[in-house]
Q: 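Mind having a look at this structure? Questions to follow.
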Amino acid sequence: RDNMYEKLTNLFLNNRNNVNHGIRYKQSEVSYPELITKAKLLANKIKEVQTTGLVTMVMGNSTEYVVAYLGILISGNAVMSINYYQLIRHIKTVCKMPGDLLITDKTNFEKIKAVLNSSGKYATIFIMDDTGVEVVNNAAFRQYPRSPVHADAALLLMTTGTTGTEKFVQISEDSILSNIEVISRCDFSQNLESEVIVLPMNSSFIQICSMLESIRLGCSIIIHDGDYRFESIARHFSPNSKQLLCITPSLLYMILSQIHREDTMGYFSENTILVLGGEECSAQKIHMFKQKTSARLIIGYGLTEASALVSCMNMNDINSHPSSVGRYSDNVQIRILPIENLTDYGEILLRGETIALKYYPEEIVTDDEGWLRTGDLGYIDKDGYLYVKGRIKRIIISSGRNISASLVESALQSIDGVARARVYAVQSDGAGERVAAKILVDKSSEISVSIVLRYLRSTLEPHEIPSQIIVCDSEEEYGYKF
């Protein structure tokens, strides 16, 4: 990390002379020159306390979040940005990590004060707001036996990705810079004027890719305040500006289901670029997004262990390859590992310079040949486009046949009137497992089990059709609310 300051300076800091661009949060605006000055001042303050190691961030979305993130990197320390739930849940692991400095904000400090006192983890706490930094010395601090982070780690991220259990992934500075380079070549980043951030800023894609790329480009960053009503988000958009919004399909669905297409006119225009990722995006959701907005849709694929980004569409790909996640980037290799009883696709394996160093503290991420087993099912077509078809762990084995729960969910969600679908296994005396499904239907829909079965018989193989289907007409009955 000794060269991280120089690399960051070459990448973004030297070019931020335009005082008309910067970060906007609520009623405050900070230009890029001001942002970099604040980050450098914070870096110096961090060095007074800790010259090297790991600095923990527990902060909500804000301008101060960006200042803290850049300040830690510039100081030569690694960043671990988590939310207060994760800190409380994993305090025993966090106590074994190097570094005795925590950076937080007033709201989160109140939420974690009890665990800080009981654990005694951090010697020094920086509490940041838009007026400056309050330094608190933790009287309860005590030393713990330490397991060091990897010498090349610049970032620790929380993930449940390939394993299904929460772990900390160690990412190198070269992986971060490589991903920024790849993003810079995507056509949606060309001539970008602003990015609107609605997702938590500690999500891996925001931390590694979009936030840093927006700073590199010099376009404005608009940080949303967490109100997910459409009118609250729409106020950030202008029909004449090229703007980027990275969002999960479920959150976008929730936002757009509140309104009619005419309400989006003048907001999500053809200059708006919606980058969808973080979960599978069904054909039904894509159809709904196209009906509700004029925005250009881009679907990406990635995972934390691969430094967030693996593949991404160009803006015209959604028309020629509508269910693909695009061609994979040139800084990663992809291989499809065959799976018994699955003829059309296999497990996606990744290798390249963006793959994580290790899980913390020493667990290996890849196999002996450097391949990361993602646990995702997919295939690559003759044109080199990648398709993701679900998770291996979501395979239902019925009468010796492997059935992808995600594939069945996609079929269900492509039915007009089905808002959401969840497919799962139920035990069967004779067949091992049987396929079952629960669907949430639109309020105006007249869908019945017989209508669903008639459709599924035309799209799925007989053994893939659920033997039990529960139709729900309310969120409460469905049992899941975003």
Side-chain angles (χ1 to χ4, degrees), residues 22-31 34-50 53-75 77-91 94 97 99-141 155-158 195-204 206-207 210-212 214-215 221-228 232:
I23 296 180
R24 189 169 82 231
Y25 176 63
K26 293 185 176 178
Q27 303 305 312
S28 66
E29 293 190 36
V30 176
S31 70
E34 292 174 304
L35 176 76
I36 300 314
T37 298
K38 288 187 174 188
K40 288 179 179 178
L41 289 172
L42 181 64
N44 291 334
K45 191 178 288 287
I46 291 170
K47 289 178 182 179
E48 293 172 5
V49 177
Q50 179 172 295
L54 178 69
V55 177
T56 304
M57 288 175 58
V58 180
M59 301 183 71
N61 286 14
S62 63
T63 303
E64 286 68 45
Y65 182 102
V66 186
V67 173
Y69 186 90
L70 292 177
I72 295 168
L73 290 177
I74 292 169
S75 74
N77 287 272
V79 182
M80 180 174 72
S81 177
I82 54 179
N83 61 42
Y84 71 90
Y85 289 117
Q86 292 166 336
L87 179 67
I88 293 168
R89 250 194 329 262
H90 297 284
I91 190 62
V94 172
M97 294 178 174
D100 300 321
L101 174 62
L102 168 70
I103 301 180
T104 187
D105 51 42
K106 290 180 179 179
T107 301
N108 279 286
F109 180 65
E110 291 303 318
K111 294 175 181 177
I112 60 179
K113 190 185 294 183
V115 76
L116 294 178
N117 289 333
S118 62
S119 69
K121 159 59 181 166
Y122 297 101
T124 309
I125 301 161
F126 288 0
I127 303 175
M128 295 183 64
D129 61 22
D130 56 2
T131 64
V133 180
E134 178 187 356
V135 180
V136 176
N137 295 314
N138 186 4
F141 172 71
L155 185 61
L156 266 71
L157 296 168
M158 174 69 74
E195 176 188 7
V196 179
I197 295 179
V198 300
L199 296 175
M201 294 178 77
N202 64 6
S203 62
S204 56
I206 299 295
Q207 284 193 69
S210 71
M211 179 177 72
L212 296 181
S214 291
I215 295 172
I221 294 176
I222 302 167
I223 302 173
H224 184 60
D225 58 10
D227 181 351
Y228 290 128
S232 177

Q: Does Gln50 use its side chain to pair, donor to acceptor, with the backbone of Asp100 at less than 3.5 Å?
A: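 Such a contact is found between Gln50 side chain and Asp100 backbone.
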Q: Grab the two heavy atoms, one from Ser232 and one from Asp225, that are nearest each other, plus how far apart they are.
A: OG-OD1, 4.1 Å
Q: So, do Lys38 and Thr63 sit near enough that their side-chain heavy atoms are less than 4.5 Å apart?
A: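 Side-chain contact under 4.5 Å: no.
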Q: Grab the two heavy atoms, one from Tyr122 and one from Phe141, that are nearest each other, plus how far apart they are.
A: C-CD1, 3.4 Å
Q: If we only count heavy atoms from C-beta on, is the Leu155 to Tyr69 side-chain gap below 4.5 Å?
A: yes
Q: Between Val55 and Phe126, is the side chain to side chain contact (heavy atoms under 4.5 Å, CB included) condition met? List the steps.
A: CA-CA 11 Å; Val55 177; Phe126 288 0; over 6 Å; no
Q: Do Leu70 and Leu212 touch side chain to side chain, with heavy atoms closer than 4.5 Å?
A: yes
Q: Please indicate whether Lys111 has more than 12 foreign heavy atoms, meaning atoms of other residues, nucleotides or ligands, lying under 6.0 Å from its NZ.
A: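 Counting neighbours around NZ of Lys111, more than 12 heavy atoms of other residues, nucleotides or ligands fall under 6.0 Å, so yes.
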Q: Look up atom CG in Asn137 and atom CD1 in Ile125, then write down how far apart they are to the nearest 0.5 Å.
A: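 Output value for this atom pair is 9.0 Å.
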Q: Contact between Thr104 and Thr56 at the side-chain level, heavy atoms closer than 4.5 Å - yes or no?
A: no
Q: Restricting to non-hydrogen atoms, name the atom on Met128 and the atom on Ala68 that form the minimum distance, rounded to 0.1 Å.
A: SD-CB, 3.9 Å
Q: Short question: side chain of Glu110, backbone of Thr107 - any donor-acceptor pair under 3.5 Å?
A: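 No, because the side chain of Glu110 does not come within donor-acceptor range (under 3.5 Å) of the backbone of Thr107.
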Q: Less than 4.5 Å apart, side chain to side chain, heavy atoms only: is that true for Val66 and Ile221?
A: no
Q: Determine, stepwise, if the pair Asp129 / Thr131 fulfils side-chain hydrogen bond (donor to acceptor under 3.5 Å, both in side chains).
A: CA-CA 5 Å; Asp129 61 22; Thr131 64; 2.5 Å; yes
Q: Drop me the distance from Lys45's NZ to Ile103's CD1, to the nearest 0.5 angstrom.
A: 10.5 Å
Q: So, using side-chain contact (heavy atoms from CB on, under 4.5 Å) as the criterion, who are the partners of Ile88 when residues are at least two apart?
A: Tyr84, Val115
Q: Among all residues two or more places apart in sequence or in another chain, which pass the salt bridge (charged side-chain N to carboxylate O under 4.0 Å, His left out) test with Asp130?
A: none
Q: Any chance you could measure Met59, atom CE, to Ile127, atom CD1, to the nearest 0.5 Å?
A: 10.5 Å
Q: Mind running side chain to side chain contact (heavy atoms under 4.5 Å, CB included) on Ile82 and Val58 for me, showing each step along the way?
A: CA-CA 5 Å; Ile82 54 179; Val58 180; 4.2 Å; yes
Q: Taking all non-hydrogen atoms of both residues into account, name the closest pair between Ala43 and Gly71 and its distance.
A: CB-O, 3.4 Å
Q: Less than 4.5 Å apart, side chain to side chain, heavy atoms only: is that true for Asn202 and Tyr65?
A: yes
Q: Specify the closest pair of heavy atoms between Leu35 and Val67, including all atoms of both residues, with the distance to one decimal.
A: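 Heavy atoms only, the tightest pair is CD1-CG2, 3.5 Å.
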Q: Look up atom CD1 in Ile91 and atom CD1 in Ile112, then write down how far apart they are to the nearest 0.5 Å.
A: 8.5 Å
Q: Using the rule given for side chain to side chain contact (heavy atoms under 4.5 Å, CB included), can you reason through Leu102 versus Asn138, listing the C-alpha separation, both sets of side-chain angles and the distance that settles it, and then say yes or no?
A: CA-CA 10 Å; Leu102 168 70; Asn138 186 4; over 6 Å; no
Q: Report yes if some heavy atom in the side chain of Asn117 is under 4.5 Å from a heavy atom in the side chain of Lys113; otherwise report no.
A: yes
Q: Specify the closest pair of heavy atoms between Asn77 and Ile46, including all atoms of both residues, with the distance to one decimal.
A: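 So the minimum-distance heavy-atom pair works out to ND2-CG2, 3.6 Å.
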Q: Do Met80 and Val94 touch side chain to side chain, with heavy atoms closer than 4.5 Å?
A: yes
Q: So, taking the atom named OH in Tyr85 and the one named CE in Met158, what distance separates them when rounded to the nearest 0.5 Å?
A: 14.5 Å
Q: From Ile206 CD1 over to Ser81 OG, what is the distance, rounded to the nearest 0.5 angstrom?
A: 11.5 Å
Q: Quick one, Met201 with Ile223, criterion side chain to side chain contact (heavy atoms under 4.5 Å, CB included). Give me CA distance, side-chain angles, the key distance, then yes/no.
A: CA-CA 9 Å; Met201 294 178 77; Ile223 302 173; 4.0 Å; yes
